[in-house]
Structure formats: structure tokens, C-alpha cells
Amino acid sequence: MEFRKTVESDIDRIMMIIKQAQLYFKQNGIDQWQDNYPNRQTFKQDIANGCSYVLEKEGKIIGTSVISFDEEVTYRNIYDGQWLSTGDSAVIHRLAVDSQYKGLGISSVIMKQAERMCAEKHIHSIKVDTHEENMPMQRLLEKNGFTYCGVIYLQNNSKRVAFEKII
């Protein structure tokens with residue numbers, strides 16, 4: 001498998017994966033990614049910011065994620081808990097895997113790539129947030145050594161549960 005930066009020609013395939021995730025959320029009553037988000041423009045901006053990545057298997061994109069080392073403004077305030085660390089950290093957003101590859105550990109492979117990137121930059125923390133009803137993501141985070149830290153609110157005031165891993 002190859003983990004690489006996203007290029008604009010990848011967006012159609014990424015959107016297919018995102019649409020699968022959106023349908024899964026809708027079918028399971030999870031109010032996440034339901035209002036035309038993330039969309040093509042979101043991924044174009046992620047590419048421009050240099051933080052969008054894909055995981056390919058035999059030339060086919062099977063997973064996507066944003067791994068950013070910029071400060072996440074919405075993480076400044078955390079409620080009903082606290083972050084494990086206060087220094088620099090990576091942030092993972094928009095992690096999604098092709099539904100044909102779910103249950104095969106693909107998300108964990110992407111998490112390990114984020115850890116590798118952190119090690120290269122001498123950064124010892126990864127932070128993630130997810131919808132409080134997105135139990136598959138919460139199980140993935142716990143399985144990969146993340147600790148529940150509290151609640152954050154997005155810029156649109158949507159509540160998210162927040163996790164951190166010290167590496």
C-alpha cells in the first residue's frame with residue numbers, strides 16, 4: 001500500500017468514498033457529514049493546504065484523511081475534561097475508507113502513518129474529534145491508543161467528542 005499526498009485528480013474517487021460514509025451515517029442515524037460537507041471545495045482547500053492524504057492499494061484509493069500540523073482553533077476550549085498535552089500536535093480530520101475495505105484495518109494503517117509523520121517532526125501528540133454518535137470511529141480511536149479527553153464545539157456550534165494520543 002502507498003500513503004501519499006492527495007492531488008486534484010484524486011477528488012472524484014475521494015468523493016465516492018465520502019458519499020459512502022455519508023450514506024452509512026444517514027442509515028445509522030448519525031448526524032455527521034449530512035449537509036454537503038465535506039465537499040469538493042473542502043478537499044481542494046485541503047490539497048492547497050498540503051494536508052490531504054490518500055492510501056492506495058494496487059493503484060486504487062481505498063482511504064483518505066487530513067493530517068494537519070496547524071493549530072486547530074476549535075480545540076482551544078475543551079469542556080468536561082482536558083487535553084493530555086498542551087504542546088504542538090497533529091490533528092486528524094475527514095478520515096474515511098472505501099466501504100469494500102471496512103473491517104480490514106485500513107483506518108489503523110492511516111493512523112500509523114500519522115504517527116510516523118509526527119515522529120519525523122518530533123511531535124508527540126495526535127488529536128481527533130468525532131460525532132458523539134459515531135461509535136465506529138470512537139472504537140477505532142480507542143483501539144489505536146487514543147484517550148477520550150472531553151467535548152469541543154465546532155465553529156458552527158456542533159458538539160464533538162475529543163480524543164488524544166501521546167506518542
Side-chain angles (χ1 to χ4, degrees), residues 3-57 60-80 89-114 126-144 146 148-165:
F3 186 75
R4 63 169 176 80
K5 284 202 170 199
T6 306
V7 295
E8 285 214 23
S9 60
D10 296 330
I11 293 177
D12 285 343
R13 177 72 182 131
I14 290 170
M15 289 309 301
M16 289 176 63
I17 293 170
I18 295 301
K19 290 194 184 315
Q20 290 172 352
Q22 289 169 329
L23 180 60
Y24 172 85
F25 290 150
K26 185 174 186 176
Q27 290 172 337
N28 288 279
I30 300 169
D31 187 23
Q32 185 174 1
W33 293 3
Q34 295 302 303
D35 296 324
N36 193 33
Y37 174 88
N39 56 41
R40 299 180 71 79
Q41 190 56 41
T42 306
F43 290 101
K44 284 184 179 183
Q45 189 61 53
D46 291 339
I47 292 167
N49 291 340
C51 59
S52 181
Y53 295 86
V54 293
L55 183 66
E56 286 184 326
K57 182 176 182 178
K60 179 182 180 182
I61 295 171
I62 62 171
T64 182
S65 182
V66 165
I67 302 169
S68 174
F69 293 91
D70 295 333
E71 179 189 16
E72 177 60 56
V73 175
T74 60
Y75 287 5
R76 288 180 186 164
N77 296 311
I78 187 165
Y79 304 91
D80 301 324
S89 65
V91 177
I92 298 175
H93 287 303
R94 295 183 276 291
L95 175 64
V97 172
D98 184 316
S99 59
Q100 292 181 335
Y101 293 87
K102 285 193 184 250
L104 301 177
I106 302 303
S107 294
S108 293
V109 170
I110 293 171
M111 295 276 189
K112 295 297 178 217
Q113 289 297 324
I126 301 175
K127 295 177 179 176
V128 182
D129 69 85
T130 191
H131 194 282
E132 62 187 330
E133 295 172 350
N134 188 343
M135 297 313 294
M137 182 64 172
Q138 292 180 49
R139 283 190 294 273
L140 169 73
L141 293 168
E142 290 169 2
K143 181 177 112 180
N144 281 277
F146 284 76
Y148 172 81
C149 293
V151 173
I152 60 105
Y153 290 90
L154 304 180
Q155 290 177 339
N156 67 2
N157 276 338
S158 295
K159 179 182 179 182
R160 295 292 183 262
V161 289
F163 294 78
E164 183 176 6
K165 180 177 183 177

Would you say that [X] contacts [Y] through its side chain, given a criterion of any heavy-atom pair below 4.5 Å between the two side chains?
X      : Y      : result
Glu56  : Lys60  : no
Phe43  : Ile18  : yes
Val109 : Leu55  : yes
Asp12  : Met15  : no
Trp33  : His131 : no
Phe3   : Ile110 : yes
Glu8   : Ile47  : yes
Tyr79  : Ile152 : no

Open item on the list: Can you confirm whether the side chains of Gln20 and Lys102 place a donor and an acceptor under 3.5 Å from each other?
Closed with: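 Checked: Gln20/Lys102 side chains show no N/O donor-acceptor pair below 3.5 Å.
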Open item on the list: Looking only at side-chain N and O atoms, does Tyr37 offer a donor or acceptor that is under 3.5 Å from a partner on Arg94?
Closed with: yes
Value rounded to 0.5 Å, distance of [atom1] in [X] from [atom2] in [Y]:
X      : Y      : atom1 : atom2 : value
Ile106 : Ser65  : CD1   : OG    : 13.0 Å
Gln138 : Asn134 : CD    : CG    : 7.0 Å
Cys149 : Ile78  : SG    : CD1   : 5.5 Å
Asp10  : Tyr53  : CG    : OH    : 13.0 Å
Leu95  : Ile67  : CG    : CD1   : 8.5 Å
Ile14  : Lys19  : CD1   : NZ    : 12.5 Å

TODO: Before accepting this row, confirm whether a basic side-chain N of the pair Asp31/Lys26 lies closer than 4.0 Å to the acidic partner's carboxylate O.
DONE: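 Result for this pair is no, no salt bridge flagged.
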Could you report the tightest heavy-atom contact between [X] and [Y], atom names first, then the distance?
X      : Y      : value
Gly50  : Lys5   : O-NZ, 2.9 Å
Val128 : Tyr75  : C-OH, 3.4 Å
Ile92  : Met111 : CD1-SD, 3.6 Å

TODO: For residues 127-141, pull every pair meeting salt bridge (Lys or Arg N to Asp or Glu O under 4.0 Å), keeping only residues two or more places apart or in separate chains.
DONE: Glu132-Lys159
Is there a donor-acceptor pair under 3.5 Å between the side chain of [X] and the backbone N or O of [Y]?
X      : Y      : value
Thr64  : Ile17  : no
Asn144 : Leu141 : no
Gln34  : Gln22  : yes
Arg13  : Ile61  : yes
Asn156 : Ser158 : yes
Asp98  : Gln100 : yes
Asn49  : Cys51  : no
Thr6   : Ser52  : yes
Asn28  : Phe25  : no

Open item on the list: Working note: His93 + Ser68, criterion side-chain contact (heavy atoms from CB on, under 4.5 Å); need CA distance, chi angles, decisive distance, verdict.
Closed with: CA-CA 8 Å; His93 287 303; Ser68 174; 5.6 Å; no
Task: Test log, rule side-chain contact (heavy atoms from CB on, under 4.5 Å), inputs Arg160 and Thr130 - done: CA-CA 5 Å; Arg160 295 292 183 262; Thr130 191; 5.6 Å; no
